[in-house]
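Presented below is the structure to which this report refers.
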Amino acid sequence: MLALQSIRDDPDAVRQALARRHTDVPLDEIIALDGRWRSTLQQVESQRSERNALSKEIGGLARMTTDERVARREQKHAAHRRDDLVARSAFLGEKLESLESQLKEMEARLRDLLLQVPNLPDPDVPDGEGEEDNVVVRQAGEEYRDGWRLAHWELGERLGIIDFERGAKLSGSRFFVLKGAGARLQRALIQWMLDFHTERGYQEVYPPAMVKEECMWKGGWLPKFAENMYHDAEEDYWWLPTAEVALTNLHSDEILEPDTLPLHYVAYTPCFRREKVSAGRDVRGIKRVHQFDKVELYKFVPPERSAEELDKLVADAEAVCRALGLPHRVSRLCAGELGFNAAMSYDIEVWAPGCEEWLEVSSCSSCTDFQARRAAIRFRRQKGGRPEHPHTLNGSGLALPRTVIAVLENYQQPDGSVAVPEVIRPYMGGVDVFPSQ
RNA sequence: GGAGGGGUGGCAGAGUGGUUGAAUGCGGCGGUCUUGAAAACCGCUGUCCGACUUGUCGGACCGGGGGUUCGAAUCCCUCCCCCUCCGCCA
């Protein structure tokens, strides 16, 4: 959520920044409504102030009428005056009631509008509308093709480690079953990644996989992505589309004490997405599925450190690719490609030489104070200091099924077997190759 | 799922429907005293919103929402959460 104050201060700057996203935002309605809201608020508050003063006086008079020490005559006088004030207060109350209900309506509408506005792109984000405008900032390894490599769906089936038919039998399309060494490989990757990031200073977190609807609003996933998430029909449970939601909300409605920032978290969770928006795309293989696992990195940092921390976050995700020996590239997203919460993002893609495409395995973003404001997360620099909103950053480190794809396709041997990356072997119980069947 | 108990400031804990943003204690910050520290004493010590002379004024907040009333932390309804006991269960 943007600060209303920043829109008031410089509406044109906000308008121009949002225009770079190429989406419609109800900014004019917000500005107009805010003006009406403030003038109504002033009326309401001055009337409340008047009523409070009357109440105080009524209270004093009421006490006089029952006080034995007060003369009969004066009690009578006080009672009259009290009745008079009560009548005035009642009249005031009626006027207030209608103003207050107007005010409430405006507040609800204003909030509703404000929640639809995405974050402002950082000035350093390149212009552009689509994927083709993203800027590759560095690449390690080649986008190689050598003819004989199988795509993971074929390779996985031949090795007996990915079972699409049974996945579909259990749950339908876009579900899969991993077996034997495949299941083991994914588990090994998860465990290795958690250890990897923990050693680099992230604290491991195991959050719930279902959260309240409120968390989706606070995390910036509602209202925009309602179509893409699963939720319980009877109870207020929403399945995580990413651990990011849980991690954002870890500190919602909190004021963090001095010296608690920065906070670096790493969480492994399953993630659930409807993929309604992408219906028909990537239906083969395990690239785009309804349930997948992900190791997520998340940071809460003081605003002045977010740029530096974003670079480090990207570096940490890249380090995973490097350690696994996967060809990868990093690109800075253009303004039109930024997610709703993000002010700046880098995507990390690994090369999959079997299906011959770049796979997005991580998207690292700075959400500036946007999520923190939505979720009411604040911190103090010193004891008793003014609370401020921290910046929040998130990124995958990495998304699993796609990493599994990349490992299988990059490490397959001409004889049909698949080697296990060096760093993963200790987690595979000594297995260093999946033999061809 | 059944029965009962409870949600008040950073914590503990008061609070007959009317000068209660809220007693008191602890903690924290500042000061006096002291060579220094402790003790003692004194003062300060929440969050959000609005207005403008930017320092002050006003408003809101006692789990959430609604109601009664001239006026609600206090009364009523409803929801949520926590605790205890019983049942069930990985």
Side-chain angles (χ1 to χ4, degrees), chain A residues 1-9 30-70 75 78-115 206 208-218 232 234-238 249-260 270 369 372-390:
Chain A
M1 192 161 61
L2 301 182
L4 204 40
Q5 193 60 50
S6 72
I7 299 175
R8 282 175 201 152
D9 289 347
I30 288 172
I31 292 165
L33 187 54
D34 177 51
R36 280 190 285 135
W37 172 75
R38 276 187 292 168
S39 74
T40 308
L41 180 68
Q42 280 168 43
Q43 288 179 58
V44 165
E45 291 193 343
S46 77
Q47 288 189 21
R48 283 211 274 238
S49 172
E50 202 178 321
R51 189 192 61 189
N52 288 346
L54 285 173
S55 283
K56 214 172 242 185
E57 202 179 340
I58 291 168
L61 292 167
R63 247 172 286 115
M64 267 176 84
T65 60
T66 53
D67 190 335
E68 308 264 315
R69 293 164 304 182
V70 175
Q75 283 192 351
H80 273 113
R81 177 144 175 79
R82 180 199 59 199
D83 292 345
D84 183 44
L85 294 184
V86 165
R88 273 170 61 190
S89 182
F91 177 68
L92 200 61
E94 268 171 51
K95 281 201 299 177
L96 243 178
E97 211 166 321
S98 96
L99 267 183
E100 275 177 333
S101 77
Q102 284 175 43
L103 191 70
K104 228 175 200 181
E105 251 171 67
M106 288 184 207
E107 274 163 6
R109 175 71 184 148
L110 195 55
R111 185 173 169 70
D112 181 63
L113 289 170
L114 220 42
L115 286 172
Y206 171 81
M210 298 188 285
V211 296
K212 301 177 193 175
E213 181 184 323
E214 181 194 328
C215 293
M216 294 300 178
W217 287 94
K218 289 177 169 175
D232 187 279
E234 293 174 2
E235 298 195 75
D236 185 19
Y237 293 130
W238 290 64
N249 281 276
L250 213 52
H251 295 294
S252 65
D253 300 308
E254 290 184 23
I255 300 177
L256 302 168
E257 290 304 317
D259 302 321
T260 49
D369 59 359
R373 187 170 294 106
R374 278 174 97 101
I377 301 160
R378 285 162 298 163
F379 76 102
R380 289 186 221 274
R381 292 179 191 272
Q382 303 98 27
K383 234 175 166 21
R386 308 261 162 277
E388 293 175 54
H389 294 290

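Under the 3.5 Å distance criterion, the side-chain polar atoms of A:T40 are matched with a main-chain donor or acceptor of A:R36. Using a distance-only test at 3.5 Å, with no hydrogens or angles considered, a donor-acceptor pair links the side chain of A:R374 to the main chain of A:W217. A:D236 places no side-chain N or O within donor-acceptor distance of the main-chain N or O of A:K212, the cut-off being under 3.5 Å. Although no hydrogens or angles enter the test, the distance criterion places no donor-acceptor pair under 3.5 Å between the side chain of A:D369 and the main chain of A:P390.
Taking a pair to require two hydrogen-bonding distances under 3.5 Å in either a Watson-Crick or a G-U wobble arrangement, B:G9 remains unpaired. Across all strands shown, nothing is found opposite B:G21 as a Watson-Crick or G-U wobble partner with both distances under 3.5 Å. Using N1 to N3 plus N6-O4 or O6-N4 for Watson-Crick, or N1-O2 and O6-N3 for G-U wobble, each under 3.5 Å, B:G27 pairs with B:U45. Both distances falling under 3.5 Å, in either a Watson-Crick or a G-U wobble arrangement, occur for no nucleotide opposite B:G87. Pair assignment for B:G71 gives none, since no Watson-Crick or G-U wobble pairing has each distance under 3.5 Å. The nucleotide B:A39 finds no pairing partner, because no Watson-Crick or G-U wobble arrangement with both distances shorter than 3.5 Å includes it. The base-pairing partner of B:U34, taking Watson-Crick or G-U wobble contacts with both distances under 3.5 Å, does not exist among the strands shown.
Remark on RNA chain B: of its neighbouring residues A:E50 and A:L4, the 5'-side contact belongs to A:L4, judged by nearest-heavy-atom nucleotide. Along RNA chain B, the nucleotide closest to A:R82 and the one closest to A:Q42 are compared, and the more 5′ of them pairs with A:R82.
For B:G50 and B:U45, the C1' atoms lie 25 Å apart once the distance is rounded to whole Å. Look at the P atom in both B:G36 and B:A73: the space between them is 49 Å, to the nearest Å. Straight-line distance between the P atoms of B:G6 and B:U56: roughly 44 Å, to the nearest whole Å. Nucleotides B:U78 and B:C26, compared at atom P, are 41 Å apart to the nearest Å. Rounded to whole Å, the C1' atom of B:C81 lies 22 Å from the corresponding atom of B:C88. Atom name P, nucleotides B:G28 and B:G10: the rounded distance is 16 Å, in whole Å. Nucleotides B:G18 and B:A72 are separated by 10 Å at their C1' atoms, to the nearest Å. Rounded to a whole angstrom, the distance from the P atom of B:U8 to that of B:C83 is 14 Å.
Contact between the side-chain N/O atoms of A:S49 and the OP1/OP2 oxygens of B:G59 is found at a separation under 4.0 Å. Remark: A:K104 is in phosphate contact with B:G66, judged by side-chain N or O atoms under 4.0 Å from OP1 or OP2. Neither OP1 nor OP2 of B:U47 sits under 4.0 Å from any side-chain N or O of A:R386. Side-chain nitrogen and oxygen atoms of A:R38 include at least one within less than 4.0 Å of the OP1 or OP2 phosphate oxygen of B:A51.
With sequence neighbours excluded, the residues satisfying side chain to side chain contact (heavy atoms under 4.5 Å, CB included) with A:R48 are A:V44, A:R51, A:L96, A:E100.
When each of B:G18, B:U47, B:A51 is scored by its nearest atom to the side-chain atoms of A:A62, the top-ranked nucleotide is B:G18. Of all nucleotides listed (B:G18, B:U47, B:G50), B:G18 comes nearest to the side chain of A:S55. Closest contact between the side chain of A:K56 and the listed nucleotides B:U19, B:G71, B:U47 involves B:U19.
Across every non-hydrogen atom of A:R380 and A:P387, the tightest pair is NH1-CG, 3.8 Å. Between A:L92 and A:Q47, the closest heavy-atom pair is CD2-O, 3.6 Å. Contact detail for A:T260 and A:E257: the closest heavy-atom pair is OG1-O, 2.7 Å.
Atom-to-atom, CZ of A:R8 to C1' of B:A51 comes out at 11 Å; the value is rounded to the nearest Å. Atom P of nucleotide B:C80 and atom CD of A:E214 are separated by 14 Å, given to the nearest angstrom. Straight-line distance from the CG atom of A:N52 to the P atom of B:G17: 20 Å, rounded to whole Å. A:L61 has its CG atom 17 Å from the P atom of B:G71, to the nearest Å. Atom P of nucleotide B:U19 and atom CZ of A:R63 are separated by 6 Å, given to the nearest angstrom. B:C81 atom P lies 16 Å from atom CG of A:D253, rounded to whole Å. Rounded to an integer number of Å, the gap from CZ of A:R48 to P of B:A72 is 11 Å. Distance A:W37 CH2 to B:G50 P: 5 Å, rounded to the nearest Å.
Taking every heavy atom of residues 87-101 of chain A and every atom of RNA chain B, pairs under 4.0 Å involve A:S89, A:A90, by number.
Base engagement by A:I58 is indicated by at least one non-hydrogen atom pair under 4.0 Å involving a base atom.
A donor-acceptor contact under 3.5 Å is not formed by the side chain of A:E45 with the base of B:G50.
In this structure, the side chains of A:R381 and A:E388 come closer than 4.5 Å at one or more pairs of heavy atoms. Between A:I377 and A:H389 the shortest side-chain heavy-atom distance does not fall below 4.5 Å.
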